[in-house]
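Note that these values count all heavy atoms, side chains included, but never hydrogens, waters or copies made by symmetry.
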Amino acid sequence: MQRLSALAADRLAGRPLHLGGSLLGQQAASGQDFLDHRAFVAGDDPRRIDWRASARRQEPVVRRYRDQHASDWLIALDRSASMGVDGTWPLAVQLAAAAAFVLTAHGHRLLLALFSDRLDGTAGPGRCPQTLGAVYALLRASSPKPPSNHRPVRASTDKDTPLRAGTDGIPAGSRPESCLSLTRGRRMLLISDCLRADGMSDALAVLSAAAAGVELIRIAAPLPALAGDRLLVDAETGERRRLLCSSDVVQTARQNSMRLFDSLSERCRRLGIPLTVADVGQPWEHALLSHLLERCGNRQPQPLGNAHTDAHAETP
């Protein structure tokens, strides 16, 4: 995490932290506030060591300063029922926790919001260790919301396959618009599977107009191998539908999934929203670093692994 935080330092808007030392007077005049000390590490400029604090601590430390341009951030994490399928939720939580660590480590003010079809909970705002602790506690205590009718999804031995919402016009339980009141003056990092009938196109437009900026990490799971007579279960509504999964049906599902991703990518491009697609088979470090590179324009948004084929049905 410390290494990832260091890599993120020059990729976060405002470059909120500055290492001080002998330049204290100059930085105070430029409107930067003292934040705290941290241990001296290899690569730091020795001229920036705070020698008095180092003598008290019996180890070399450097000053850290918060720039007046430090940003307020909102991490909005989708906990709708479809996020509970195929390892999507653990990856989303890891990404939210890592992003929170990186942002607070660089002096940004952070607010975490969990949402489904409504705003479900918040932690923060703040930039202190206590805020980060509250964020972690909320993430640990949270889980995806059950389907709206609370019908349990039976085991795969009954040939049940969870079917994510966002297909065939079924209403999706994911409404990031419920976080709209929290976006004012904040940059927003949205972490979601984006699986609803409109591909979140309308929501992204609304949020982009209200927030200081919007960024998106889409969590994607591969389409499972389906064959024969299957009982599909919608992960959001609990609706069940028996379907003969022929090769034509599977191919149509893959094409629909690709269209959903292409539509989302185009919408993000038009709105200027950095987009990263994180496959559940990839380490969270890979996904977060990819996003940091994408937000700096170092690459075009690309799906990781099998992210194009993730949408309509999944194994439990």
Side-chain angles (χ1 to χ4, degrees), residues 1 3-5 7-8 73-103 110 112-116 120-121 123 132 135-146 153 161-166 172-174 176 179 188-196 199-200 215-224 235-236 257 260-261 264-265 268 273-295 299 301-316:
M1 286 297 297
R3 184 177 181 184
L4 182 61
S5 180
L7 289 171
W73 280 81
L74 169 66
I75 298 178
L77 176 60
D78 186 354
R79 61 174 293 266
S80 60
S82 65
M83 293 288 289
V85 178
D86 254 5
T88 302
W89 179 250
L91 177 57
V93 168
Q94 288 172 325
L95 286 169
F101 177 89
V102 170
L103 289 169
L110 174 66
L112 171 69
L114 301 182
F115 69 91
S116 53
D120 294 321
L132 189 60
V135 166
Y136 289 166
L138 181 58
L139 290 174
R140 284 194 299 267
S142 300
S143 60
K145 191 174 182 177
V153 176
T161 300
L163 172 65
R164 288 194 175 196
S174 177
C179 302
M188 180 180 189
L189 174 61
L190 174 61
I191 302 175
S192 172
D193 57 13
C194 300
L195 290 176
R196 65 185 221 181
M200 281 199 177
E215 305 184 11
L216 173 61
I217 299 180
R218 181 196 175 201
I219 312 296
L223 189 71
E236 296 287 358
S257 180
L260 185 68
F261 174 76
L264 178 65
S265 297
C268 287
I273 296 176
L275 166 65
T276 299
V277 181
D279 188 271
V280 294
Q282 296 289 330
W284 63 264
E285 301 96 324
H286 183 173
L288 188 56
L289 182 57
S290 294
H291 185 72
L292 290 170
L293 294 174
E294 163 58 25
R295 76 189 306 275
R299 65 177 182 88
Q302 294 291 335
L304 304 177
N306 292 324
H308 256 168
T309 58
D310 70 318
H312 303 297
E314 300 181 298
T315 55

For Asp120 against Ser116, the heavy-atom pair lying closest together: OD2-OG, 2.8 Å
For a quick test of reading the model, state the closest non-hydrogen atom pair linking Met83 to Ala92 and the distance between them. CE-CB, 3.6 Å
Set of side chain to side chain contact (heavy atoms under 4.5 Å, CB included) partners for Pro90, sequence neighbours left out: none
Could you tell me if the side chain of Arg196 sits less than 4.5 Å from the side chain of Pro176, heavy atoms only? yes
Show the numbers, then the answer: is there a side chain to side chain contact (heavy atoms under 4.5 Å, CB included) between Leu190 and Phe115? CA-CA 10 Å; Leu190 174 61; Phe115 69 91; 3.6 Å; yes
If the condition is side-chain hydrogen bond (donor to acceptor under 3.5 Å, both in side chains), which residues does Ser80 pass it with, not counting sequence neighbours? Asp78, Glu236
Stepwise side chain to side chain contact (heavy atoms under 4.5 Å, CB included) test for Ile75 and Val135: CA-CA 10 Å; Ile75 298 178; Val135 166; over 6 Å; no
Just by distance, with hydrogens left out, do Asp193 and Thr88 show a side-chain donor and acceptor under 3.5 Å apart? no
Hey, does Leu77 have a side-chain heavy atom less than 4.5 Å from the side chain of Trp89? yes
Side-chain contact test, heavy atoms from C-beta onward, threshold under 4.5 Å: evaluate it for Ser174 versus Ser82 and give yes or no. no
Nearest heavy-atom contact between Leu138 and Leu112 is CD2-CD2, 3.9 Å
When you compare the side chain of Val93 with that of Arg79, does any pair of heavy atoms fall below 4.5 Å? no
What are the two closest non-hydrogen atoms of Cys179 and Met188, and how far apart are they? CB-CE, 4.3 Å
Could you tell me whether the side chain of Leu103 reaches within less than 4.5 Å of the side chain of Leu189, counting heavy atoms only? no
Could you pull out the closest heavy-atom pair between Leu260 and Cys194, with the gap in Å? CD2-O, 4.4 Å
Euclidean distance, His286 NE2 relative to Asp279 CG, rounded to 0.5 Å: 10.0 Å
Heavy-atom pair with the smallest gap, counting every atom of Ala287 and Leu95: CB-CD2, 3.9 Å
dist Arg218:CZ -> Thr276:OG1 (nearest 0.5 Å) comes out at 12.5 Å
Rounded to the nearest 0.5 Å, how far apart are CG of Leu91 and CD1 of Ile191? 8.5 Å
